[in-house]
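Here is the structure we will look at.
Along the sequence shown, residues are numbered consecutively beginning with 1. Note: hydrogens, waters and symmetry copies are ignored here, and every other heavy atom, side chains too, is used. All ligand and atom numbering here is 1-based and tracks the order in the structure.
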Amino acid sequence: MTSRAMRAQFTLRRIGRSSCVAGCSRSFASAGVVVGREPLLFTPGPLTTSATVKQAMLVDYGSRDRRFLEACRDVEERLLHIAGVSKETGYECVIMQGCGTMGVEAMLGSVIPRGGKVLIVTNGSYGQRQTIMCRYMGIDFEALSFGDRIAFSVEDVLKELKKGGFTHLSVVHHETTAGVLNPVEELARKVKAQFPNVSILVDSMSGFGGYDLQLKWGIDFAVSSANKCIEGVPGFSYVLCSREALLKTEGNARSLSMDVLDQWKYIQATGQFRYTPPTHAVLAFQQALKEWEAEGGLSGRAARYRENYEALRIEMEAIGFQFYVSEDVRSFLICTFMVPDHPNFDFDSFYQHLSDEGFVIYPGKLASGQSFRIGVIGRLFPNDCRRLADTIRSVCKKMAVPMPLPPPKR
Ligand SMILES: *Cc1c(COP(=O)(O)O)cnc(C)c1O
């Protein structure tokens, strides 16, 4: 047996032992989790990943290792394929180290030239975050804001662009704040037809891989990250764009480490990242992409998420919870529920009880009203959603909140 194989076996043995009930009871118990069971993450990310995605990380490759660099090229090609394009047809995928927010900031800061002006369409906190980024980087912008429980209006965006002066338009595909799906295809097609000189930037962090996104709709730059609907682990984001649009951004970047064009050029020249690459996260992501494809690609992944959503919706409505977002614009990725108006319903203890049972949910961050979010993305199945709902029932009972629940405060 080679030393590498021995090391791999040893690693697996160690993991096997430490994940047995006896071996890990202390660390898991201290994390407030059911002994011997990992928590299930019903959150917007990071998400629950498959065992095989986690296993793909059990190897330490150097940053110049051929096998790692091949994995990078494979990942780039698979991502472009999902977006309906390829390198052969003139498109590029640039992997950027860091979380999704850094990917959005890298895109805005690298693409919009000095003297340019971006119209940022917001209907939640991720759109709003882009306005903060532009303030930090001194990028001229205007925000067109919509409420966080509605999708943006294509007509209103076109009207705003008609006023003139905008070089770029930036929108969010799936607004994760409340779980609203925006009409990006319709907008991109109409903007390209009416304002061919306006470049379109899309934050598709939580949409990509769960909802369709095609660069051919007229999108110039799109960004997503490893740990959302493709179900990889956190560590990097990626910018998808046409090569022509990318090459036009020379000299625009406001940050060295987040310069998308410089990153691409260096990878083109050497095959390598400029600075320490997220090696393990890329290997996990390559496996996650294979699993996305094995599940049937977009239609398979979306079908499971929709089943999760339906399972959760039926149970939660039976308990008496009310959705914040109306059905016509509500996504099947993130559910936002209003907190019921009852003196015994305390969100912090609700959250803690669920967490103690191994179910991690997420507090809401709406402009108004107390809410919480349940994400049904990640390696979760309808049965997990029903188990979560059963646990929610028993937590409500424990808190002495009557069911069906009273309506929320509005
Ligand atoms: C998650 C998310 C982000 C930010 O990603 P982080 O990895 O949390 O920094 C940005 N935009 C949208 C729409 C998201 O869902």
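Near ligand 1, Cys99, Gly100, Thr101, Tyr126, Arg129, Val172, His174, Thr176, Asp203, Met205, Ser206, Lys228 each place a heavy atom less than 4.0 angstrom from the ligand.
Donor-acceptor pairing under 3.5 Å is lacking for the side chains of Asn252 and Glu250. Side-chain polar atoms of Ser50 and Glu291 form a donor-acceptor pair below 3.5 angstrom. In the model, Trp264 has a side-chain atom that pairs as donor or acceptor with a side-chain atom of Glu92 under 3.5 Å. Between the side chains of Thr101 and Arg129, at least one donor N or O lies within less than 3.5 Å of an accepting N or O.
The aromatic rings of Phe152 and Phe146 are tilted relative to each other, their planes meeting at an angle between 30° and 60°. The aromatic rings of Phe359 and Phe42 lie tilted to each other, with the angle between the two planes from 30° to 60°.
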